[in-house]
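Residue indices begin at 1 and follow the sequence shown.
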Amino acid sequence: IFNIEKEMKDVNRFLSLGAYAIAGVSRDPKKFGQAMFRDLRKKGMDVVPVNPAAETIDGVKCYRSVSDLPAGIRGLIFMTPKEETLAVAKEAIAHGIKDLWIQQGAESKETIAAMENEDVNLIHHQCIMMFWKPDGIHSFHRFLKKIFGGLPA
């Protein structure tokens with residue numbers, strides 16, 4: 001059941017964590033995952049990339065897996081292929097990360113169902129770009145979702 005009040009509480013909790021990682025940041029600067037990573041950093045988010053095939057992304061040390069993340073990382077944003085998201089989410093939970101934001105395109109019904117049975121703060125069907133200092137198209141998209149009832153207030 002969709003509960004806007006609970007969902008906004010979950011979003012606010014996630015946005016207050018302080019240190020984040022993005023799993024699945026692409027090495028290709030033209031891909032959305034890397035563009036999102038750069039934009040969130042530019043807007044002041046303390047975020048590091050996770051990609052098993054990269055040493056650095058956009059000049060920032062890249063971690064090969066969620067298990068390699070430093071202890072201070074409290075939230076994980078998923079840009080992973082949807083077939084990999086469930087395994088990465090389980091790895092995050094085992095590593096002590098309990099705040100998970102699964103971006104559209106990374107989510108699957110299987111992952112959402114499995115995570116609803118875990119003790120985690122799970123956000124999905126929302127774009128972090130509409131909540132972390134939105135501007136441009138994300139600000140407009142947020143405005144439209146709010147008007148038509150698809151956005152937590």
Side-chain angles (χ1 to χ4, degrees), residues 2-51 54 57-63 65-66 69-70 72-93 95-109 111-112 114-116 118-153:
F2 184 68
N3 180 332
I4 288 179
E5 194 172 305
K6 180 193 178 306
E7 190 170 340
M8 198 60 217
K9 183 178 172 195
D10 294 346
V11 166
N12 287 333
R13 172 190 158 94
F14 190 91
L15 297 177
S16 72
L17 295 173
Y20 306 87
I22 301 177
V25 177
S26 176
R27 292 176 294 164
D28 182 346
K30 295 177 183 167
K31 297 272 184 151
F32 180 67
Q34 191 178 131
M36 183 180 81
F37 170 68
R38 280 192 318 268
D39 194 50
L40 291 171
R41 284 187 63 236
K42 185 175 81 176
K43 292 177 179 178
M45 181 181 268
D46 180 4
V47 62
V48 295
V50 177
N51 181 319
I57 292 181
D58 199 36
V60 178
K61 176 184 173 160
C62 189
Y63 294 87
S65 73
V66 169
L69 288 169
I73 300 297
R74 305 210 23 237
L76 184 63
I77 302 164
F78 291 79
M79 291 296 299
T80 48
K82 65 173 112 188
E83 309 78 45
E84 297 173 20
T85 301
L86 181 56
V88 175
K90 288 178 179 179
E91 183 183 1
I93 293 166
H95 192 61
I97 299 172
K98 302 281 184 138
D99 289 88
L100 313 176
W101 190 304
I102 303 176
Q103 282 287 117
Q104 299 96 326
E107 59 192 10
S108 70
K109 289 179 183 176
T111 299
I112 302 308
M115 290 301 102
E116 286 175 347
E118 297 287 341
D119 181 26
V120 297
N121 177 30
L122 176 67
I123 299 153
H124 59 96
H125 284 89
Q126 298 293 347
C127 176
I128 187 119
M129 300 298 289
M130 289 195 317
F131 293 92
W132 187 272
K133 302 177 186 174
D135 59 11
I137 190 70
H138 291 103
S139 180
F140 181 66
H141 191 200
R142 180 183 168 99
F143 171 74
L144 289 178
K145 283 190 85 171
K146 195 169 192 174
I147 285 175
F148 294 108
L151 179 76

Counting N and O atoms only, with roles assigned by atom type, does the side chain of [X] sit under 3.5 Å from a partner on the main chain of [Y], one being a donor and the other an acceptor?
X: N51; Y: V25; result: yes
X: W101; Y: Q126; result: yes
X: E107; Y: I112; result: no

**Request:** Could you name each residue pair satisfying side chain to side chain donor-acceptor pair (under 3.5 Å) that touches residues 21-38, not counting sequence neighbours?
**Result:**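 The answer is Q34-R38.
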
Please tabulate, for the side chains in residues 72-81, all donor-acceptor contacts under 3.5 angstrom to protein atoms that are two or more places apart in sequence or on a different chain.
residue	atom	partner	partner atom	Å
R74	NH1	L17	O	3.3
T80	OG1	T85	OG1	2.6

**Salt bridge flag under 4.0 Å for residues R13 and D10** =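 A salt bridge is absent here (no side-chain N lies under 4.0 Å from a carboxylate O).
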
**Message:** Which label fits W132 and Y20: parallel for a plane angle under 30°, tilted from 30 to 60°, or perpendicular past 60°?
**Reply:**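 Correct class here is perpendicular.
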
Starting at [atom1] of [X], measure out to [atom2] of [Y] and round the result to the nearest 0.5 Å.
X: L86; Y: E91; atom1: CG; atom2: CD; value: 11.5 Å
X: F32; Y: C127; atom1: CZ; atom2: SG; value: 4.5 Å
X: N121; Y: K9; atom1: CG; atom2: NZ; value: 9.5 Å
X: M36; Y: M129; atom1: CE; atom2: CE; value: 7.0 Å

Atom of [X], atom of [Y] and distance for their closest heavy-atom approach:
X: A54; Y: C62; value: O-CB, 3.5 Å
X: F14; Y: I123; value: CB-CD1, 3.6 Å
X: F37; Y: I57; value: CE2-O, 3.7 Å
X: V66; Y: A92; value: CG1-CA, 3.6 Å

Counting C-beta onward and ignoring hydrogens, is there a side-chain heavy-atom pair between [X] and [Y] closer than 4.5 Å?
X: D119; Y: I93; value: no
X: N12; Y: F131; value: no
X: Q103; Y: I22; value: no

**From CA spacing to verdict: side-chain contact (heavy atoms from CB on, under 4.5 Å), K61, V48** = CA-CA 7 Å; K61 176 184 173 160; V48 295; over 6 Å; no

